[in-house]
Amino acid sequence: MFSSISKITPKELEQQMHHESVQVIDVRSLDEVKQGKIPTAENIPLDELPERMEELDRYEEYVMVCRSGNRSAKAAKHLQQNGFHVKNMTGGMMKWLGDIEA
């Protein structure tokens, strides 16, 4: 039985990033990411995640991000079921007020 996915707000993530290294994975499409992403976020589109899980470290904690929080919740659930430590950023990039890089 898996526990529910932990959540983090965009503001909490932004504050955490000021104090420590945070592994952020953006599961939006390449076209969406071109419009701007969280600095240091790695883009792994949701449909590529199952094949690319081996790129991730099971000892790290990851924060999953998408446009609104729905796809990232699916990604977080999938990773958690495969033994990863994950959080889902609620509200997605629509609620992100921090820095953005192209």
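If you're wondering where the values come from, they're calculated on a predicted model, not measured in any experiment.
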Do Val24 and Leu13 make a side-chain contact, defined as non-hydrogen atoms from C-beta onward lying under 4.5 Å apart? yes
So do Leu79 and Leu49 actually touch side chain to side chain, heavy atoms under 4.5 Å? yes
Going from [atom1] on [X] to [atom2] on [Y], what distance comes out if it is rounded to the nearest 0.5 angstrom?
X: Leu56; Y: His85; atom1: CG; atom2: NE2; value: 12.5 Å
X: Lys74; Y: Cys66; atom1: NZ; atom2: SG; value: 9.0 Å
X: Ser6; Y: Met64; atom1: OG; atom2: CE; value: 13.0 Å
X: Gln23; Y: Phe84; atom1: CD; atom2: CZ; value: 12.0 Å
X: Gln80; Y: Ser4; atom1: CD; atom2: OG; value: 7.5 Å
X: Ile25; Y: Ile38; atom1: CD1; atom2: CD1; value: 12.0 Å

Taking [Y] as the starting point, is it possible to reach [X] by hopping between hydrophobic residues whose side chains are less than 4.5 Å apart?
X: Met17; Y: Val63; answer: yes
X: Val22; Y: Met89; answer: yes
X: Ile8; Y: Tyr62; answer: no

Is a donor on one side and an acceptor on the other found under 3.5 Å between the side chain of [X] and the backbone of [Y]?
X: Glu12; Y: Thr9; result: yes
X: Asn43; Y: Arg28; result: yes
X: Asn88; Y: Lys7; result: no

Going through the checks in order, is the side chain to side chain contact (heavy atoms under 4.5 Å, CB included) test met by Met53 and Ile44? CA-CA 9 Å; Met53 279 192 310; Ile44 301 179; over 6 Å; no
Which pair of heavy atoms, one from Asp47 and one from Pro50, lies closest together, and at what distance? O-CD, 4.0 Å
Indicate the atoms forming the closest heavy-atom contact of Glu51 with Glu54, along with that distance. O-OE1, 2.7 Å
Can we say Glu32 and Arg71 salt-bridge, meaning some charged N sits less than 4.0 Å from an Asp/Glu carboxylate O? yes
Distance-only donor-acceptor pairs under 3.5 Å for side chains of residues 91-102, two or more places apart:
residue	atom	partner	partner atom	Å
Trp96	NE1	Gly98	O	3.2
Trp96	NE1	Asp99	O	2.8
Glu101	OE2	Lys37	NZ	2.7

